[in-house]
Amino acid sequence: MIKTENVSYVYQPSTPFESAALKGASLEIEDGSLTAVIGHTGSGKSTLIQLMCALLKPTEGRIFIDGEDITAKGADLRAVHRKVGLVFQYPEHQLFEDTVYKDIAFGPKNMGLDEKDIDERVRESARVVGLKEKHLDRSPFDLSGGQKRRAAIAGVLAMNPKVLILDEPTAGLDPKGRDDILGIIKTLHKTRSDMIIIFVSHSMEDVAKTAENVIVMNDGGVEMHCSVAEAFTHAERLQEIGLNVPQITLLTDRLRSAGIKLPEHIYTVDYAAKAIAGLVKGGDGDV
Amino acid sequence: MIKTENLVFTYEDGADEVLSNINLNIEKGSFTAVLGHNGSGKSTLAKMFNAILLPSGGKAYVNGIDTSDEKRVFDIRRSAGMVFQNPDNQMVAAVVEDEVAFAPENLGVEPKEIRARVDECLSAVGMTKYAQSAPSKLSGGQKQRVAIASVLAMNPEILILDEPTAMLDPMGRKEVMRTVKRLNREQGITVVLITHYMDEAAEADRVIVIDDGKIVTDGTPREVFSEVEKMKSLGLDVPQVTLLAHELRALGVSIPCDTLTVDEAFDALVSVLGGEARD
């Protein structure tokens, strides 16, 4: 479990440029959960995940991972970095080895694993992200954009992290590439029952399709931390704080306020289609 | 305004064609969105429109000028301005108004005229308030609007935008799209928008879909998006309400297949289900 206790972070403290990016965030994220973090630019979401990976040290407050205080003096940061894998934005810019295999192997190699374990982890991680054997011997620079990104994710997975954090994993991808990455996240969530997965997104539609829970950040604070279904019942508030609400939620909300008896929490097209078709077929009696 | 004739592009002789046999005519004052998955050739095509790349075969004309005419390359780039995905790659100055003045200064425009153009262009993108700010202190959407203003300062007739909102959050995306639409409507600038966002393409007059270097679909957003299966098979999406209409039709509910906006879907569904119509 990840727990943050009243965590604040101030950039450039005691200077004229001082600015508080995070103001007293308290959160608990359960083992085996799949959580999206959403918020407009400058809402504090990137600061929050960098704190969880111990890339930043909070100005105030404490962070615990599996009960261990990673913000304590003398905390073993190397251990934290192994436990918490971070996939940066545009991670493909960090590929550097001459083959995909070596790139994925870089993390486990640095962990001091033996050749056999490294080989197993490389192949397993490549498989999970949908890269084929033939890709492993290629230069990462010969892969397509979506494949490169998957190779970069495999490199983090090969470290076998307990917590996987992805910062805008679908930015700049086309719809198919985006769905591929979201599919990988969902599969990981299903197959690794213990893993905590957190991804940052700008798209409520991606959140609706993929996550169980959502953390909505606004102005350095946690605005909501709840199930995705519950978050969408606050569609108006989400729009107020600069987030987009899926078209389908806008539409069904309006239909409901026009007196059409649709269920609340509609945020996927499939569900909306079934609910509406049900009403039509049910005839006047049910409506 | 932009015309291509049997345009072909390959990176080296004998290599696979990145663009093959593109015949296109983009009208003055129109707003065209170009869709296609990564690697489809859409950015390559955009680069043909201001002579960053030249055809390996066939012709591209911008404002009647053949883009292969080396002597006219500056005329082409002045009339077709380009905005890229990452505004940070495009910024050169430390102050917003210097950034906007950069192009006209290099074109040798009179200082007085430069001042007028900078003010006008910043106002056109709603960034007058930030004239003295440092670009590094702006949000992504603001930076992208400054990038647009810097291109406008050359008085272009065509604005080519290559995924200008890919790195922006929803607010930034709205700011940029509102600006682009206004420039198109009020100033009559011809817009070519390359995007992965179907809702942005839905706002254009015309949508062109590129796949494997060829134009596979070309029509109004309504025509293009109503072909849900085809768009999916091309690795693309359609707006959520269009998909909803498609799924409802499959479930036997009669609703137009070319529903494009929330308003249209609302009206169609109210007439099927009853309820109070929109004001």
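Each chain gets a letter, A, B and so on, in the order its sequence line appears, and its residues count up from 1. These values consider heavy atoms only, across backbone and side chains, with no hydrogens, waters or symmetry-generated copies.
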Please round to the nearest 0.5 Å and tell me the distance separating atom [atom1] of [X] and atom [atom2] of [Y].
| X | Y | atom1 | atom2 | answer |
| --- | --- | --- | --- | --- |
| B:Leu273 | A:Ile260 | CG | CD1 | 4.5 Å |
| A:Lys148 | B:Asn38 | NZ | CG | 10.5 Å |
| B:Met171 | A:Asn244 | CE | CG | 11.0 Å |
| B:Leu244 | A:Ile248 | CG | CD1 | 4.0 Å |

Might you point out which heavy atoms bring [X] and [Y] nearest each other, and give the distance in Å?
| X | Y | value |
| --- | --- | --- |
| A:Ala258 | B:Phe266 | CB-CZ, 3.8 Å |
| B:Val241 | A:Gln247 | N-OE1, 3.1 Å |
| A:His202 | B:Pro170 | O-CG, 3.5 Å |

Contact between A:Leu251 and B:Leu269 at the side-chain level, heavy atoms closer than 4.5 Å - yes or no? yes

Does [X], at its [atom1] atom, have more than 12 non-hydrogen atoms belonging to other residues, nucleotides or ligands within less than 6.0 Å?
| X | atom1 | value |
| --- | --- | --- |
| A:Phe96 | CZ | yes |
| A:Gln12 | CD | yes |
| B:Asn89 | CG | yes |
| B:Glu12 | CD | no |

Checking heavy-atom separations under 4.5 Å from chain B, one finds in residues 167-177 of chain A A:Gly172, A:Leu173, A:Asp174, A:Pro175, A:Lys176

- prompt: Under a 4.5 Å heavy-atom cut-off, does chain A meet the side chain of B:Val262, its backbone, both or neither?
  reply: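 Contact with chain A involves both backbone and side-chain atoms of B:Val262.
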
- Query: Taking NZ, NE, NH1 and NH2 as the nitrogens, is one of them in B:Asp263 or A:Arg254 under 4.0 Å from a carboxylate oxygen of the other?
  - Reply: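 So B:Asp263 pairs with A:Arg254 through a salt bridge.
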
Hey, which of [options] has the most heavy atom pairs under 4.5 Å with chain A?
| options | answer |
| --- | --- |
| B:Val272, B:Thr195, B:Asp237, B:Thr261 | B:Asp237 |
| B:Leu234, B:Leu243, B:Asp199, B:Leu35 | B:Leu243 |
| B:Met167, B:Arg173, B:Gln240 | B:Gln240 |

With sequence neighbours left out, the residues meeting side-chain contact (heavy atoms from CB on, under 4.5 Å) with B:Ser271 are none

Return yes if some donor-acceptor pair links the side-chain N/O of A:Lys281 with the main-chain N/O of B:Leu251 below 3.5 Å, else return no.
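Answer holds: yes.
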
